[in-house]
Engineer: 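Here it is, the structure, as structure tokens.
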Amino acid sequence: MTLAFDLLLALSLLWTAWRTLATPRLDRALVLFIVFGLLMSLAWARLAAPDIGLAEAAIGAGLTGALLLDAYGVLRRRVRP
Amino acid sequence: MIEWLSMALLLVGAFFFFAGTVGLLRFPDVYSRLHALAKADNLGLGCVLLGLALQAESIAVALKLLLIWPLVMAASAGISFAIARRADRLGITPWRQERP
Amino acid sequence: MTTLVLAVALFLLANLAVALIAAARGPTAADGMLVALLIGTTGTGILVLLAPVMHLPALVDVALVLALLAAIGGIAFAKRAWQRTEGEHD
Amino acid sequence: MSTGFVFALAGAVLFSLGVAGVVLIGHLLRRILAFNLMGSGAFLVLVGLAQRQDVADPVPQAMVLTGIVVAVAATALALALVRKLHALTGQLGLPGDVDE
């Protein structure tokens, strides 16, 4: 059953990564990237590394997501004044 | 006894998560989907946390597990409010059943 | 007992995957945001269930951080980036 | 097929997906996303292959922990450069690229 769990988690990671690169709308791609980071922290939990899971959830998903969203908002406002 | 109660609570929690997913798949518009997810999933999480707290080895671990629940409820209430207000402001109209 | 906990965790992950696909394919931009709400609750549940299975009590702390950051990400997105010109429908 | 092997395999696929994204996509913000996905794939390979008989090796974990922080710093620098480029030239792609 652990194998099924790992395979399902790995498949959803790959699906999220693919959709992140392939979605036509940029804002949705950013949301999917944050979701990818949160799924990565689940994967770190499965790999028995809770410290990396914490860092990934806080820095990888939270901080990077906030930076990307901020840049997206600024660029968007500049395009349409 | 406590073992059985904990198992039953875990299964009930799984059922509520399933109900939330079915609601997400079946409901017609954003507001009702939001309602299904926020309500059913939080109840399911509460059941799962209670079930796990019953079999925790010490009272401190059980209290920590139960402390997650209000935090998650506050967080999902915040997200639901933000999404619903934003969707309303962007002009997404709520779904109504067409009358013949 | 451990088998049942793991089975519930697997079931929650399957729910998360299905709902993720459904929400990411949703018709309006708000549907994309439902994913943040979803992963805040379901991901927290999965981590809490994994903690006794893997004998790692620290995973409960990861669950706390995950719940918090899903909220922060969702609200930041709704406030900051999700702007649309009037009359545009997708 | 142990846990580490499954995630190492997924990491390899993720890495190639990220490389393809970095090479093929012209939009700079999306290229930064692909770069981050590539880094995550490399981290998964490192930690996944270092896990033998379900005992985690702490050295690659410490390295990956450092790597995550470095990736965030690199992303912040890249975003600042993209903003400056957009302010100066008004476009979101590099001059030599064909599409977009």
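As the structure is a computational prediction, the values presented were derived from the model and not from experiment. A note on names: the letters A, B, ... follow the listed sequences, proteins ahead of strands, and every chain is numbered from 1.
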Engineer: Any idea which heavy atoms bring A:A10 and D:V6 closest together, and the distance?
Structural biologist: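 Closest heavy-atom pair between A:A10 and D:V6: CB-CG1, 4.2 Å.
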
Engineer: Using a 3.5 Å distance criterion without hydrogens, assess whether the side chain of D:Q61 forms a donor-acceptor pair with backbone atoms of A:I52.
Structural biologist: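 The answer is no, because no donor-acceptor pair under 3.5 Å joins these two groups.
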
Engineer: Minimum heavy-atom separation for A:R25 to D:R30, with atom names?
Structural biologist: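 Nearest heavy atoms, A:R25 then D:R30: C-NH2, 3.7 Å.
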
Engineer: Can you see which heavy atom on D:T3 is nearest to which on A:R46, and at what distance?
Structural biologist: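 Nearest pair, atom of D:T3 first, then A:R46: OG1-NH2, 3.0 Å.
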
Engineer: Distance check, rounded to the nearest 0.5 Å: A:W18 atom CH2 versus D:L37 atom CG?
Structural biologist: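 Between atom CH2 of A:W18 and atom CG of D:L37 there are 13.5 Å.
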
Engineer: At a 4.5 Å cut-off on heavy atoms, which part of D:L79 comes close to chain A: side chain, backbone, both, or neither?
Structural biologist: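 Contact with chain A: side chain only.
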
Engineer: If you take all heavy atoms of D:Q51 and A:L47, which pair is closest and at what distance?
Structural biologist: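 Shortest heavy-atom separation between D:Q51 and A:L47 comes out as NE2-O, 2.8 Å.
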
Engineer: What heavy-atom pair brings A:L21 and D:L17 nearest, and what distance separates the two atoms?
Structural biologist: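 What the structure gives for the nearest pair is CD1-O, 3.7 Å.
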
Engineer: Give the member of D:V69, D:V47, D:T75, D:I32 that has the highest number of heavy-atom pairs under 4.5 Å with chain A.
Structural biologist: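 Most heavy-atom pairs within the cutoff with chain A belong to D:V47.
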
Engineer: How far does CZ of D:F7 sit from CG of A:L7, to the nearest 0.5 angstrom?
Structural biologist: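 Going from CZ on D:F7 over to CG on A:L7, the span is 8.5 Å.
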
Engineer: Got a second to check how far D:L33's CG is from A:L32's CG, nearest 0.5 Å?
Structural biologist: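 Output value for this atom pair is 10.0 Å.
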
Engineer: If you measure from CG on A:L39 to OG on D:S40, what distance do you get to the nearest 0.5 Å?
Structural biologist: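 Nearest 0.5 Å value for the CG-OG distance: 11.5 Å.
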
Engineer: Does the side chain of A:F36 reach to within under 4.5 Å of the side chain of D:L14, using non-hydrogen atoms?
Structural biologist: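 Yes; the side chains approach each other to less than 4.5 Å.
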
Engineer: Please look at A:L67 and chain D and tell me whether the side chain, the backbone, both or neither of the residue comes under 4.5 angstrom of a heavy atom of that chain.
Structural biologist: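 Both backbone and side chain.
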
Engineer: Are D:L44 and A:M40 packed together at the side-chain level, in the sense that at least one heavy-atom pair is separated by less than 4.5 angstrom?
Structural biologist: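 Touching, per the 4.5 Å side-chain cut-off.
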
Engineer: Side chain, backbone, both or neither: which part of D:A87 has a heavy atom under 4.5 Å from chain A?
Structural biologist: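 Both parts, backbone and side chain.
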
Engineer: Please report the closest heavy-atom contact between D:A10 and A:L14, naming both atoms and the distance.
Structural biologist: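 Smallest heavy-atom distance, with atoms named: O-CD2, 3.7 Å.
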
Engineer: When only pairs under 4.5 Å are counted, which of A:T2, A:L26, A:L9, A:L11 shares the most heavy-atom pairs with chain D?
Structural biologist: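 Going by pairs under 4.5 Å, I would pick A:L26.
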
